[in-house]
Amino acid sequence: MIFFNNIFVVEAGTPEVQVSASISNSQIEAGDSAILTVTVSEVGGDDWVKNPTVLLGTSTDDGISLPETSKTASRIDKSSSISFSFPINTLETASVGSRTIQITIKYYEMDLFNIDTYGPFYTSTTKTFYIINSYGSISIYSTPSSSNIYLDNSFKGTTPLTIQKVPVGSHTIKLSKSGYNDISRTVTVTSDRTTTVSESLSLQSGSIKVSSNPSGANIYLDGTFKGTTPTTLSNVPTGSHVIKITKSGYNDISKSVTVSSSHTSYISENLKTTVISHPTAAVTAAPTYSPTYDRSISYEKNNTTIPIIFVFMILTLIFIIKSRKKSANPSSNSNSPTPSKITQPSTKQTTPTTPTTPTPVAIEKPKDKGTIDIKSAFQYIGATIQYKVKIINHTPEPLSDIKIQLFVPDVFMLTQKEKTIPMLEPDESKTVTFDIRPTGECGDCAVSGRMNYYDYGTKKHQDIDIEKKMISIVCPVLKRKEIDEDGWRNATEELIKAEENTKDLDIPAENLFNITTRVLKDMSMYMIPPEITSTPQLFTGVGMFYAEGAAELRYAAYIEVVGGRKSRLILKAWAEKEEALTGFYHRILDEIEKRLDIKIFIDEGIIQYHVHKTEIKDNIIQRSNINLGSRAKCPECGREVEANEKFCLGCGAKL
């Protein structure tokens with residue numbers, strides 16, 4: 001107690017103050033911010049704290065910015081606390097290292113009856129934090145080297161390479177190289193450190209299915225024995241290879257085949273024996289007379305045997321003619337020469353004895369009756385392949401009941417395997433056309449055939465083999481290529497197009513759009529941001545896709561889905577070459593069929609192929625169900641038709 005002039009005064013107590021501080025992140029990336037929190041507490045003194053003020057200062061302001069350096073409160077009650085928050089900003093150019101913030105607390109005791117004030121009092125503390133670099137680096141190695149490096153889908157160069165100034169955090173590294181499978185890895189970059197990525201890329205591979213007629217032939221892949229036909233060679237590196245097929249007694253066959261990643265190429269060969277055989281590409285309409293020979297005798301041996309047999313026959317004929325003339329004129333002198341227009345053989349030849357069963361047959365030299373020419377060629381109609389076979393009758397006799405059969409590998413489907421021509425007059429020609437449809441597979445494929453006809457000269461049916469021809473279906477080995485909508489539209493104007501427009505499908509439109517667009521993205525196509533309009537009653541989705549393939553071939557696709565609980569799908573595909581469009585278009589259809597039961601959803605869908613001004617229509621159900629059972633045929637063109645068709649889609653005939 002204090003007395004001033006007999007006035008009784010009570011002395012104020014002294015508060016006890018404590019200070020604590022924290023920073024939201026003790027390590028701050030250069031260019032980032034943090035929050036400094038200062039807590040001031042009264043921890044058991046005799047009084048409350050008046051006007052507490054927090055003052056901030058730094059040991060150095062290098063790269064640090066403090067928007068606020070002081071804050072004040074009115075009071076802190078006994079055994080209470082109050083917190084003050086201050087933002088701390090760092091510059092991107094801030095040097096790496098520690099920073100110290102000086103924290104000072106200024107406060108007062110309570111007033112003495114508003115007459116006098118004790119104080120101010122001070123207490124202080126410090127807080128240290130660290131500025132770290134916001135960048136690190138990534139060193140990338142690969143086996144083999146010279147692999148392309150993509151950092152977060154952005155091309156950075158080829159291995160080996162160290163990428164500098166990579167922002168701290170998680171990133172995706174993708175390695176790619178032609179002929180090898182891509183590798184993607186997620187890496188975490190830390191400040192001022194180098195993260196190392198080392199990967200071995202595996203070779204891309206496909207398979208080759210090799211068959212032969214007859215089977216059991218040896219198979220050599222690039223000179224290495226791989227087994228006997230039929231067999232499938234697996235894990236064959238992508239690219240061009242040479243397949244050689246050999247079998248004792250048959251001519252060797254060598255074929256070049258291109259293997260694409262995760263796909264099967266097909267080679268099917270008919271081996272030819274090493275003995276003489278009748279020509280097949282151009283044959284005579286009626287077989288001429290020739291002596292019977294042993295087919296097991298080699299060609300070289302026949303070159304010697306046939307002339308000897310021919311001389312023997314001539315001598316036999318001369319002997320028979322002489323005998324008959326002597327019998328007809330017994331008074332003639334046996335020593336006189338026998339009149340004959342047949343030239344006598346050389347004096348070195350010996351007249352043979354009478355044959356055991358001589359048959360006096362009048363032999364005439366056969367006339368040259370000409371040949372039958374068979375010409376064939378492929379052409380593309382959009383995504384369909386047409387195989388045309390032209391028959392030319394150069395013989396003097398008509399040909400009738402002509403049947404042309406086509407043989408294709410499993411990667412193709414035929415709506416009709418056989419075409420007929422009722423009659424071919426001499427020097428007349430006719431052409432039949434087969435529509436060949438791929439199944440989504442690709443590679444080099446052999447197409448062959450056979451013609452059977454009735455020969456009026458021999459009064460028999462004859463067979464002629466149609467020369468085998470190869471056709472290449474280019475695999476769409478695609479790589480995403482970014483493009484904007486204007487560039488996409490300009491590109492599609494220069495490409496060849498195939499289009500499919502379905503009827504209503506019993507699947508929600510949004511689900512159908514998601515599934516079909518995922519098919520294109522899974523094929524490594526770049527998708528321009530889609531246009532989607534959705535209401536409870538109607539969904540409309542449009543997606544445009546673009547990619548580049550081998551030899552920088554350009555590919556594009558368009559998906560449009562409209563509907564609600566049921567939907568309609570429009571698919572368009574473009575490619576730079578016809579053989580590329582065929583493989584690309586049917587690969588899309590094949591992938592969609594795998595994810596949607598197309599045979600259920602599309603009962604009467606129509607595929608429309610457009611190439612410039614040409615349009616061909618075909619029932620899509622044939623693509624799924626072809627060769628699954630016998631069906632009725634159009635009486636006019638022979639096309640297989642469905643039970644619910646009223647008119648033939650091939651020729652328009654009423655069914």
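- Residues satisfying the side-chain contact (heavy atoms from CB on, under 4.5 Å) criterion with T238, sequence neighbours excluded, are Q204, S261.
- Applying the salt bridge (Lys or Arg N to Asp or Glu O under 4.0 Å) rule to E199 yields the partners R185; only residues at least two apart in sequence or on another chain are considered.
- Applying the side-chain contact (heavy atoms from CB on, under 4.5 Å) rule to K430 yields the partners I421, L424, E428; only residues at least two apart in sequence or on another chain are considered.
- For the pair L571 and T516, the minimum side-chain heavy-atom distance is 4.5 Å or more.
- Here the OH atom belonging to Y585 is positioned 11.5 Å from the NZ atom belonging to K572, to the nearest 0.5 angstrom.
- Atom CG in L201 sits 8.0 Å away from atom OG1 in T159 (nearest 0.5 Å).
- Rounding to the nearest 0.5 angstrom, the gap separating the CD1 atom in I219 from the CZ atom in F225 is 7.5 Å.
- Here Y558 pairs with nothing under the ring pair (Phe, Tyr, Trp, His ring centres under 6.0 Å) rule; sequence neighbours left out.
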*Begin from the C-alpha positions of T232 and K209 and carry the test side chain to side chain contact (heavy atoms under 4.5 Å, CB included) through to its verdict.*
CA-CA 4 Å; T232 298; K209 187 174 182 179; 3.7 Å; yes

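- Inter-residue side-chain proximity for S376 and E467 is flagged as unmet; no heavy-atom pair is nearer than 4.5 Å.
- With sequence neighbours left out, the salt bridge (Lys or Arg N to Asp or Glu O under 4.0 Å) criterion links K174 to D182.
- Panel note: side chain T229, backbone A217; a donor-acceptor pair is recorded below 3.5 Å.
- Contact annotation: the side chain of P396 never approaches that of P426 to less than 4.5 Å [non-hydrogen atoms, C-beta and beyond].
- Here the side chains of I267 and I245 are in contact, with some heavy-atom distance below 4.5 Å.
- In this structure the side chain of I436 reaches within 4.5 angstrom of the side chain of L406, judged on heavy atoms.
- Contacts of E494 classified as salt bridge (Lys or Arg N to Asp or Glu O under 4.0 Å), with partners at least two apart in sequence or in another chain: R554.
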Side-chain donor-acceptor pairs under 3.5 Å in residues 517-527, sequence neighbours left out?
residue, atom, partner, partner atom, Å
T517, OG1, F513, O, 2.7
T517, OG1, N514, O, 3.2
D522, OD2, R595, NH1, 3.1
D522, OD2, R595, NH2, 2.9

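- Note that CG of L203 is 4.5 Å distant from OH of Y180, once rounded to the nearest 0.5 Å.
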_Between S448 and D465, is the side chain to side chain contact (heavy atoms under 4.5 Å, CB included) condition met? List the steps._
CA-CA 8 Å; S448 60; D465 288 335; over 6 Å; no

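- Here the closest heavy-atom approach between residue A557 and residue W488 is recorded as O-CZ2, 3.4 Å.
- Here the shortest heavy-atom pairing between S145 and K177 reads O-NZ, 3.5 Å.
- Annotation for K419: atom NZ counts as buried by contact number, over 12 foreign heavy atoms lying within 6.0 Å.
- Annotation: side chain to side chain donor-acceptor pair (under 3.5 Å) contacts involving residues 214-226, sequence neighbours excluded, comprise D222-H241.
- In this view, Y454 and Y456, H461 satisfy the ring pair (Phe, Tyr, Trp, His ring centres under 6.0 Å) rule, not counting sequence neighbours.
- The salt bridge (Lys or Arg N to Asp or Glu O under 4.0 Å) search around R480 returns none, not counting sequence neighbours.
- Looking only at side-chain heavy atoms (C-beta outward), L271 and P214 come within less than 4.5 Å of each other.
- Counting heavy atoms from C-beta outward, I466 and R450 have side chains that stay 4.5 Å or more apart.
- Remark: I404 CD1 to I464 CD1 distance equals 10.5 Å, nearest 0.5 Å.
- Residues satisfying the side-chain contact (heavy atoms from CB on, under 4.5 Å) criterion with T431, sequence neighbours excluded, are K388, K390.
- Partners of Y555 under the ring pair (Phe, Tyr, Trp, His ring centres under 6.0 Å) rule, at least two apart in sequence or in another chain, are F584.
- The local environment of NZ in K577 is sparse, with at most 12 non-hydrogen atoms from other residues, nucleotides or ligands closer than 6.0 Å.
- Minimum heavy-atom separation, V242 to S254: CG1-CB, 4.5 Å.
- For the residue pair T264 and S207, the shortest heavy atom distance occurs at OG1-OG, 2.7 Å.
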*List the steps, then state whether side chain to side chain contact (heavy atoms under 4.5 Å, CB included) holds for I391 with I374.*
CA-CA 5 Å; I391 312 297; I374 301 177; 4.0 Å; yes

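- In this structure, CD1 on I243 lies 12.5 Å from CD1 on I253, to the nearest 0.5 angstrom.
- Residues H394 and I372 are not in side-chain contact: their nearest non-hydrogen atoms beyond the backbone lie 4.5 Å or more apart.
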*With side chain to side chain contact (heavy atoms under 4.5 Å, CB included) as the test, would you mind laying out the steps for L175 and I149 before giving the verdict?*
CA-CA 5 Å; L175 301 179; I149 302 171; 3.8 Å; yes

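- Annotation for L495 and A575: closest pair CB-O, 3.5 Å, computed over non-hydrogen atoms.
- The two residues P398 and E425 come nearest to each other via the heavy atoms CB-OE1, 3.8 Å.
- No hydrogens or angles considered: nothing links the side chains of T158 and S146 as a donor-acceptor pair under 3.5 Å.
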